[in-house]
Each structure stands twice: as C-alpha cells, then as structure tokens.
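Some notes on the structure that comes next.
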Amino acid sequence: MSRRVITIAELTAHAGEEITIRGWVYNWRKKGKLRFIILRDGFGYLQCIVFRPEVEDEVWETAVTLTQESSLEVTGTVVADERAPGGFELKVSALKALQIAPEFPIGKKDHGPDFLLNNRHLWLRSKRQHALMRVRSQVEFAIREFFQGRGYTLIDSPILTPAACEGTSSLFETEYFGETAYLSQSGQLYLEPAAAALGKVYCFGPTFRAEKSKTRRHLTEFWMVEPEVAWLRFDGLLDLCEEFLSEVVVRVLESCSEDLERLERDVSRLEPTTKRPYPRLDYAEAVAKLVELGSDIEFGEDLGGDDETMLTELYDRPLLITRYPAKVKAFYMQPDPEDPSRALAVDVLAPEGYGEIIGGSERSDSLEHLERKIAEHELPREAFEWYLDVRRYGSFPHSGFGMGIERFVAWICGVPHLRETIPYPRLINRLYP
RNA sequence: UCCGCAGUAGCUCAAUGGUAGAGCGGGUGGCUGUUAACCACUAGGUUGGGGGUUCAAGUCCCUCCUGCGGAGCCA
C-alpha cells in the first residue's frame, strides 16, 4: 500500500492514486452507512468518504468516533466526483485517529466577539480567519518586496526605548535594571540616523500604544512599516506614498484573489487604488470642503473621525491631506517654508471609511528648530541628544512615513474591526490568549 | 476618562411584572451522496454579583463587575 503523504493543495495532481493526508476534522456528516469527513490540513479542505460495506470494520469503528477537530491520518484513493466540494474526494481505505477531540468550542453557527476573542487560538482554525491571515502574510511580503526591490536597507529598530517619540501618556512602561524603559511607539527616531548611514532604510515591527482607545480602529500592539529616505523632500514623499500603496495593492490583488473572494470583498472597490495619481487636499482646502459639507470643524483643529469619513466618501481611492497645522502634529516635522505655522505633514486616508492608514512628514533638518520644539513639548532634552546628532553631523533633508498594517489589511479585506486582522490582538482589556 | 447599549443552557438568541424556551453544539436511534445534511428522542439553567420595590422580578429601581459600540488620541 502506498504511504505517499501529500497536502490537500497537491491533491489534483494525484487523481486515481492512493495517498495519505494528515489533518483535522473540520466537519462531518453521516448518512446511514456513509460517513462524510471534511478534513482540513491548513492548505485546503477535502471530503473523505467512508462507506461501511467497503472498509475494514476497524476503519469504520474509528470513523464513527471522530469528532470536530480530532486529528487524524487518512489514506485513500483520490477520485473526481461532481458531488464533492472542490470536485475531488477521497475514498478512504485506512484511518488513523491521533487524538479524539472533546466538544470543540467553536461551532457552525454564529458567535459573539467576546467568546471568539477568548478562543482566538481556536478561532484561527476557521475559514474566514485563514483568509485573513493569508492576506496579512501576503501584504507583509509585498511590502518587503517593495522596499527591498528599491534598494532600501531593513533596519530593525529597538522595542525597549528610553523615551517617547510622541507624548508620554500613551507609553507602556517597564522596569529596566533600575531604570525606566518604554515599549517603542515608532522606529522613526532610530531610522533617521540610519538614513544618514544608508540612504534609504525601513523598519517593520510591532509598536505599542497605551492609549485608552476602545474603537474598531485601535490596538495597543500593532505592526507598522516605516520607510525613511535621505534627500527626499515633501513632494517626493507624497509620490512615494502613492507608489507604495498602488504597488502593494496590485500585488495583493494578484496573490489573494481566492481569499478576498472567501471574505466576500468587492475587489472592484480596490481597483481604483492601483491607479495613480491619488487626490490630494491641502489642509485648508480640506477644512473648507468639510465646512461646506456641514462639519463644525474650525481651521487649526485636527480632523475628527467623522470628518475623515466625509472626505473619503468623495473619492474612490486613498486621499492625501497635506500641510497640517504644526501645533497638532509631532515635534520633529519640518515647517512649511511658505507658512511656518503649518507642518510638511501628510495623512493618507483609506477609502470606505477605513480612516488614516499612513502618517508621514518631511523631518526638520534644523538643530535650532528641534531644540525649540522639544522644549515646547516639554520633552526630556537629554533623552534626545543622540537624535539631535543627526542635525549636528551633516544635516540633510529627509522624509518618511509610517503605515499601520492592521488598518491596511482591514481595508483590503473589508473587515470592520482590527481585531480580526492580527493573529493575537492586544486590546485595552484583552491580553489573553 | 466620558457617553450609549447589553449580560438568560456550552454557543447564538426568545420570553405583557404571573409555570424559563428555541436553534446550533452534546448524547441515543434512523437513513448509500451529504454540502452549516435531514428526521425522531434526550440531557443540559443559582437568568453576571449584591441590595431594593412588589402578593409575585429574567423583566422595575440602586450599585458593582464584565463585554460591545462610540468620543478624545492615533497608525
């Protein structure tokens, strides 16, 4: 007897052959002397047929004890059959149960978010979560390819840091051999010196924000990709944002069509993003348009969530909003030479109400300006001395942005809440599993 | 932190202030082609905790806890 072990992904190449597959029971049905076992192995789903008159008693005895998510090794002949999901099924000749699982918590009907998140480690076994994790994986792959293919060097920035990048209220604090350390909120400050060393750099890793946010658009631990480019000015940064988004979306649409279909994502809504240019609104234009639309925003304020949604509904692709008031933005941003009360900052808002996915800016290249800003923001000067060295030793124009992976994936997949876009979400009241 | 909503079987939800139910899941039985199979039977409850109003509370009131949605802040 053949003992060739394959995955379900390789099944169609083995029609008519006897093969072995290892996996878990996704579902089972019985019909008299027939048992249908839907096996999943992480690569696909396969209907296995056990027909009592045609198998050894031992095989039948095993088949009837199988429960949802029991682990097993099944051997049989691959046969094409119109009645089988996927067109192929396995006529079982041998069956080895590795473990019979007790009642599996996640059933066929709907569950609530609290229950699912408490069982996240088991929830990952469902089809929808497979699709989301694969899209996330492809997104990260496409992002790395984008930067690696353009000569960027990956710089892994530290997780444990001595001070804040943007305000201390949202930092996770931890004890570090008698000192206080904070979990990183951004790799940017570490990337700027690296850009002076290597020209084009990026980092890609987890970041931590202890914000007491309880919305669908926030996690306390999320992944961010941040490029930083020497000699890149603001206008070039805007082009980079567009080039980056359009190319990554193209790649993901190519590689994830099946998963997006499973997620019932209307991919025609994503097509416009593959084409440049994107609409760009100066902050002042954006405010004027919002007032026209009925918002109560006043010039000088940051945009609220409703404001962002109102604006993005006007366009079919991401929207760039530029030159925000300097006072609502971080200390390290370059002032607009035409109006120093504004910063050379850009937010990229995703369509369909998914909100801000990218925040970027040209960085201040003036030592004097940064010293003043650090004082204004009441940041601990000593902690930034090393950062200021970037302006002491060969200051240079440079720009960069950060993109939150989960928000991007949520938008691509059309899921409403970030909690499904990361394998193990960390939320304000959730550290388990 | 603030505003709003919710908490009933393992899960998802019903139940005019008047005997706590259904579907799914579990168990038993039936069926040779099921597609979240179907059919029959069956087990399963301190209605989130505490206090109060009432002849009577899952239901009304107070309080605490937990979750969900949103605001602010951000990616």
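Hydrogens, waters and symmetry mates are skipped; everything else that's a heavy atom, side chains included, is used. Numbered from 1 within each chain, the chains take letters A, B, ... in sequence-line order. Worth saying up front: this structure is predicted, and the values here are computed from it rather than measured.
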Look at the side chain of [X] against the base of [N] and say whether a donor-acceptor pair falls under 3.5 Å; ignore hydrogens and angles.
X: A/Glu89; N: B/G33; value: yes
X: A/His111; N: B/C11; value: no
X: A/Arg29; N: B/C31; value: no
X: A/Ser213; N: B/C73; value: yes

Note: A/Arg280-A/Asp239 ion pair, threshold 4.0 Å (strictly below): yes
Less than 4.0 Å between a side-chain N and a carboxylate O, is that true for A/Glu69 and A/Arg40? yes
Pair partner, [N] [Watson-Crick or wobble, under 3.5 Å]:
N: B/U16; answer: none
N: B/G4; answer: B/C68
N: B/C24; answer: B/G10
N: B/C60; answer: B/G52

Would you please classify the geometry between the A/Phe244 ring and the A/Phe147 ring as parallel, tilted or perpendicular, with 30° and 60° separating the classes? parallel
How would you label the contact of [X] with the nucleic acid (heavy atoms, under 4.0 Å): base, sugar-phosphate, or nothing?
X: A/Gln47; value: base
X: A/Lys212; value: base
X: A/Glu221; value: nothing
X: A/Gly107; value: nothing
X: A/Ile357; value: sugar-phosphate
X: A/Ile358; value: sugar-phosphate
X: A/Arg52; value: nothing
X: A/Asp347; value: nothing
X: A/Phe51; value: base

Phosphate OP1/OP2 of [N]: any [X] side-chain N/O under 4.0 Å:
X: A/Lys31; N: B/G33; result: yes
X: A/Asn27; N: B/U34; result: no
X: A/Arg430; N: B/C68; result: yes
X: A/Arg216; N: B/A71; result: no
X: A/Asn429; N: B/G67; result: yes

Could you work out the separation of [N] and [M] based on their [atom1] atoms and round it to a whole Å?
N: B/G51; M: B/U12; atom1: C1'; answer: 31 Å
N: B/C24; M: B/C38; atom1: P; answer: 7 Å
N: B/A6; M: B/U59; atom1: C1'; answer: 14 Å
N: B/A20; M: B/C31; atom1: C1'; answer: 35 Å
N: B/A43; M: B/G26; atom1: C1'; answer: 9 Å
N: B/G7; M: B/U47; atom1: P; answer: 14 Å
N: B/A22; M: B/C62; atom1: C1'; answer: 33 Å
N: B/G67; M: B/U8; atom1: P; answer: 14 Å

Run A/Tyr182 and A/Phe208 through ring-ring contact (aromatic ring centres under 6.0 Å, His included) and show every step you take. CA-CA 9 Å; A/Tyr182 303 93; A/Phe208 306 88; over 10 Å; no
Only one of A/Asp282, A/Asp336, A/Asp347 clears side-chain hydrogen bond (donor to acceptor under 3.5 Å, both in side chains) with A/Tyr324; which? A/Asp347
Rounding to 0.5 Å, atoms CG (A/Leu95) and CH2 (A/Trp60) come to a distance of 11.0 Å
Which is it for A/Phe146 and A/Tyr152 under the ring-ring contact (aromatic ring centres under 6.0 Å, His included) test, yes or no, and what are the steps along the way? CA-CA 9 Å; A/Phe146 178 89; A/Tyr152 285 68; 7.1 Å; no
If you define the side chain from C-beta out and look only at heavy atoms, does anything of A/Arg407 sit under 4.5 Å from A/Phe222? no
Heavy-atom nearest nucleotide on RNA chain B for A/Gly112 versus A/Gly32: which residue maps closer to 5'? A/Gly112
5'-most contact on RNA chain B (nearest-nucleotide basis), A/Arg83 vs A/Pro105, goes to A/Pro105
I want to verify a distance call: between B/U32, B/A75, B/G69, whose nearest atom is closest to the A/His417 side chain? B/G69
A/Lys214 side-chain proximity, nearest of B/C24, B/C31, B/C68: B/C68
Stacking between B/G33 and A/Phe36, yes or no? Criterion: centroid separation under 5.5 angstrom, plane angle under 30 degrees. no
Donor-acceptor contact below 3.5 Å, side chain A/Arg136 vs main chain A/Glu406: no
[X] [atom1] - [N] [atom2] separation (whole Å):
X: A/Glu103; N: B/G27; atom1: CD; atom2: P; answer: 8 Å
X: A/His218; N: B/G72; atom1: NE2; atom2: C1'; answer: 9 Å
X: A/Leu303; N: B/A75; atom1: CG; atom2: P; answer: 14 Å
X: A/Asn118; N: B/C68; atom1: CG; atom2: C1'; answer: 13 Å
X: A/Leu245; N: B/A75; atom1: CG; atom2: C1'; answer: 13 Å
X: A/Asp114; N: B/U8; atom1: CG; atom2: P; answer: 11 Å

